[in-house]
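Quick note: numbers below take in every heavy atom, side chains included, and nothing from hydrogens, waters or symmetry partners. Order of the sequence lines fixes the chain letters, A, B, ..., with proteins taken first and strands second; residue numbering starts at 1 for each chain.
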There are 2 protein chains.
Amino acid sequence: MRPTVHDIAAAAGVSLATVDRVLNQRPGVRLVTREKVEAAIRQIGYIRDVAAANLAKSRVYPLVFIVPTGDNSFMHGLRFEVHQATLRASIERTDIRIIEVPPFDVPALVAALDALQGQDIAGVALVATDAPEVRAAVDRLVSERIPVVTLVSDLTDSRRHHYAGIDNIAAGRTAARLLGRFLGGREGDLTVLAGSMLVRDHRERLQGFSAVIAEEFPRLRVLPVLEGRDDPERTQSLISKALSENRNIIGIYSLGAGNRGLIAGLKAVRPERELTVVVHELTRHTRAALLDGTIDAVLNQDAGHEVRSAIRVMKATADGQAVIADQERIRLDIFLKDNLP
Amino acid sequence: MRPTVHDIAAAAGVSLATVDRVLNQRPGVRLVTREKVEAAIRQIGYIRDVAAANLAKSRVYPLVFIVPTGDNSFMHGLRFEVHQATLRASIERTDIRIIEVPPFDVPALVAALDALQGQDIAGVALVATDAPEVRAAVDRLVSERIPVVTLVSDLTDSRRHHYAGIDNIAAGRTAARLLGRFLGGREGDLTVLAGSMLVRDHRERLQGFSAVIAEEFPRLRVLPVLEGRDDPERTQSLISKALSENRNIIGIYSLGAGNRGLIAGLKAVRPERELTVVVHELTRHTRAALLDGTIDAVLNQDAGHEVRSAIRVMKATADGQAVIADQERIRLDIFLKDNLP
DNA sequence: CGATTTTTGATGTACGTAAATCAAAAATTT
DNA sequence: AAATTTTTGATTTACGTACATCAAAAATCG
């Protein structure tokens with residue numbers, strides 16, 4: 001049987017009320033008594049029953065998710081997963097509020113963050129836009145002892161408690177190696193397609209990608225980035241133009257969203273041009289393209305895992321509890337046509 | 001505020017005692033009354049507070065893990081992860097017992113399973129050896145309403161509630177495509193190294209592997225399987241012999257344990273022979289070999305995830321609760337040197 | 001119809017913790 | 001040493017559910 005507050009009281013030779021004062025850091029306990037109780041807690045190995053405590057407190061965790069609007073598949077999926085989490089909210093004692101902000105809009109994001117100050121909130125998860133103003137706003141929340149978790153896109157040098165997302169440099173490096181190896185020893189050009197170089201995760205992916213190509217695949221050359229702004233039509237025209245103007249392109253790395261346009265562009269030149277293609281984010285479209293051979297590999301981050309992990313971490317942080325670090329590591333999924341879920 | 005039993009009672013116009021009788025399926029309620037209460041439950045959307053119920057019941061989940069002895073890195077890691085879970089046992093209201101049985105020993109496994117009959121157990125997780133006797137023993141436990149989860153290795157056509165492990169056919173297929181693609185259009189032989197063809201997961205990996213090579217890489221030929229019995233020395237001598245006797249070998253798929261021997265054998269022929277190598281299970285040795293270029297890719301299943309997932313599923317099954325299917329899907333990790341955790 | 005059985009209600013205790021109140025004891029100050 | 005302040009104890013209620021007991025009401029039977 002696991003020890004309870006009663007056991008602490010008996011072991012320390014004090015009353016239940018005093019134990020409660022120590023455990024919940026209430027005033028009115030002499031230092032010597034406090035130390036006596038703390039020693040007893042350590043000695044008998046007491047661990048607070050969080051479920052019982054939450055019951056007694058009628059604890060709920062008011063959580064806020066700040067996610068960008070925008071209609072690309074990934075953000076759509078992310079919002080869907082947050083919404084799924086709201087359906088489990090009562091069971092998990094959470095109360096999830098979703099705030100949507102325009103993408104890449106730093107002032108809007110900062111305003112949303114600042115509006116949370118002073119509110120009774122057990123945690124904030126946000127898809128961070130990498131800007132000093134955002135960093136400062138996040139740090140302000142942390143100063144108010146509000147747990148902050150970055151989601152999908154991190155905010156370096158900020159005081160956020162946790163990042164629930166993949167290592168984007170590693171993702172870019174992995175994409176490079178896959179492309180490089182799939183291309184055997186062939187020589188030629190690689191086109192990189194991004195949403196916007198303003199987003200940190202896209203920059204990091206490109207950085208990792210370029211590094212590995214330069215270091216280990218000297219016969220391949222990375223062309224200047226095409227910015228499709230996650231817009232299928234723009235993406236399609238960009239890629240079609242690039243392919244027709246440069247016959248040396250033998251590989252494509254699409255590190256952002258807007259893959260619908262890429263796939264359409266590829267299908268247009270399909271039988272003639274032999275292209276090796278690695279893209280990010282598993283969607284209905286990329287899945288189909290992977291299966292029919294239009295693309296060769298999909299790198300993915302599981303939005304559902306990210307959301308659930310963020311919730312677990314926010315709750316644990318709010319309670320000052322430890323997390324199972326290994327469980328909260330978000331993994332880069334690599335999908336070939338054979339291991340699709 | 002989430003509705004409670006009191007709200008049901010008020011809504012149905014009955015007493016708390018009657019609600020309790022309905023909720024916990026106790027006798028002494030007329031059919032019409034029972035239906036009235038059930039209607040109220042549905043109508044106000046009552047969900048039992050599992051934490052409070054477990055508190056009231058002083059519920060603990062006595063769980064049993066049956067894992068093979070054997071000193072290969074993977075099983076060692078699996079036992080370690082189960083042990084880690086026992087450290088969290090009191091917090092999670094679990095009481096985990098580990099039973100070790102000799103590997104591939106069907107009678108021993110059956111005896112261990114049958115010994116659990118009649119015991120007060122909330123769930124059994126086992127690394128299944130694929131035999132009709134084991135299947136029958138598992139089905140006997142399921143008949144006694146004990147949740148059974150297979151771990152790492154599944155038991156098809158049994159009545160086990162859940163499988164916490166990867167899709168081994170998909171793993172084999174993925175290995176084949178990686179090898180095939182990495183080899184470009186080259187022609188040659190592929191050696192497959194297994195522990196034992198008596199284990200279902202090894203058979204399935206081989207099946208997937210052979211299928212994809214045959215279908216899609218006609219210039220590659222799969223040689224007869226070498227059975228290393230997960231023994232490093234035996235494995236090393238097998239691989240050295242194979243490599244010296246057959247100069248056409250250009251790729252290796254190691255689908256079992258005993259990779260220490262494989263790596264040693266590869267290093268012995270390293271600069272002269274150019275080999276593309278895909279192995280299973282990320283260990284200290286395979287990680288180092290991946291980093292130094294001795295091997296090209298590692299397929300992995302995360303034992304920690306498998307154990308934690310098995311625990312969640314057993315608890316949920318014991319309570320007749322739903323699981324988040326997507327969260328419990330065990331993924332095949334593909335590691336290149338760039339995305340190691 | 002009364003007697004019997006079944007169903008329902010009322011009530012209390014428990015799980016482990018939180019939080020509040022009031023009285024008693026101890027420490028500190030004057 | 002008395003007055004004051006601080007610390008401690010004892011006790012109660014609450015969270016939402018489980019479970020037991022006993023009495024009262026309703027249904028069923030002969």
Side-chain angles (χ1 to χ4, degrees), chain A residues 1-38 40-41 44-61 89-95 122 318-321, chain B residues 1-38 40-41 44-61 89-95 122 318-321:
Chain A
M1 263 280 130
R2 172 171 173 184
T4 74
V5 280
H6 295 82
D7 299 315
I8 305 177
V14 299
S15 74
L16 261 183
T18 301
V19 172
D20 179 69
R21 288 177 187 120
V22 173
L23 277 175
N24 295 293
Q25 298 159 82
R26 274 185 260 277
V29 185
R30 262 191 309 165
L31 186 63
V32 281
T33 315
R34 161 160 277 126
E35 280 167 353
K36 203 166 62 179
V37 173
E38 281 166 351
I41 289 173
I44 67 173
Y46 169 81
I47 304 165
R48 180 195 250 107
D49 184 331
V50 182
N54 281 347
L55 179 60
K57 278 190 286 203
S58 302
R59 177 85 154 108
V60 285
Y61 299 84
S90 71
I91 298 172
E92 297 174 346
R93 308 188 94 86
T94 57
D95 173 19
D319 291 343
Q321 287 232 297
Chain B
M1 264 282 136
R2 174 173 169 184
T4 73
V5 281
H6 295 82
D7 300 315
I8 305 176
V14 299
S15 75
L16 262 182
T18 300
V19 172
D20 179 69
R21 289 177 184 117
V22 173
L23 277 176
N24 296 291
Q25 297 159 84
R26 274 184 259 278
V29 184
R30 263 190 310 165
L31 187 62
V32 281
T33 314
R34 158 160 278 126
E35 280 167 352
K36 202 166 62 180
V37 173
E38 281 164 351
I41 290 174
I44 67 174
Y46 170 81
I47 303 166
R48 183 195 248 106
D49 183 331
V50 183
N54 281 346
L55 179 61
K57 279 190 285 203
S58 301
R59 177 85 154 110
V60 286
Y61 300 84
S90 71
I91 298 172
E92 297 174 347
R93 307 190 95 86
T94 58
D95 173 19
D319 290 343
Q321 289 234 296

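Side chains of B:Glu35 and B:Leu31 form a contact here, defined as non-hydrogen atoms less than 4.5 Å apart. Under the 4.5 Å side-chain criterion, counting only non-hydrogen atoms from C-beta, B:Asn54 is in contact with B:Tyr61.
Between A:Arg26 atom CZ and C:dA19 atom P the separation is 5 Å, expressed in whole Å. The separation between A:Asp49 atom CG and D:dC15 atom C1' is 13 Å, rounded to whole Å. Rounded to an integer number of Å, the gap from B:Asp20 CG to D:dT21 C1' is 13 Å. Atom NE2 of A:His6 is separated from atom C1' of D:dG9 by 14 Å (rounded to the nearest Å). Taking atom CZ of residue A:Arg34 and atom P of nucleotide D:dG9, one finds them 13 Å apart after rounding to whole Å. With rounding to whole Å, A:Ile41 atom CD1 is found 11 Å from C:dT17 atom P. Atom CG in B:Asn24 sits about 19 Å away from atom P in C:dA14, given to the nearest Å. Protein atom CG of A:Leu16 is 10 Å distant from nucleotide atom P of C:dT17, rounded to whole Å.
Using a 4.0 Å heavy-atom distance criterion, B:Val50 is classed as making no nucleic acid contact. Counting non-hydrogen atoms under 4.0 angstrom, A:Ala53 reaches the backbone sugars and phosphates but no base.
Of the candidates C:dA18, D:dA18, C:dA10, C:dA10 carries the atom nearest the B:Ser15 side chain, counting heavy atoms from C-beta on.
Phosphate proximity of C:dA18 to A:Arg48: present, with a side-chain N or O under 4.0 Å from OP1 or OP2. Contact check, A:Arg21 against C:dA19: no side-chain N or O comes under 4.0 Å of OP1 or OP2.
Of the possible polar contacts, one joining the A:Arg2 side chain to the A:Arg48 backbone as a donor-acceptor pair under 3.5 Å is found. Although no hydrogens or angles enter the test, the distance criterion places a donor-acceptor pair under 3.5 Å between the side chain of B:Arg93 and the main chain of B:Arg59.
In terms of position along DNA chain C, the nucleotide closest to B:Thr18 lies nearer the 5' end than the nucleotide closest to the other residue of the pair B:Thr18 and B:Arg93. Projected onto DNA chain C by closest heavy-atom contact, B:Leu55 and B:Ala17 fall at different nucleotides, the more 5' of which corresponds to B:Ala17.
Atoms CD1 and CD1, on A:Ile41 and A:Ile47 in that order, are 11.5 Å from each other to the nearest 0.5 Å.
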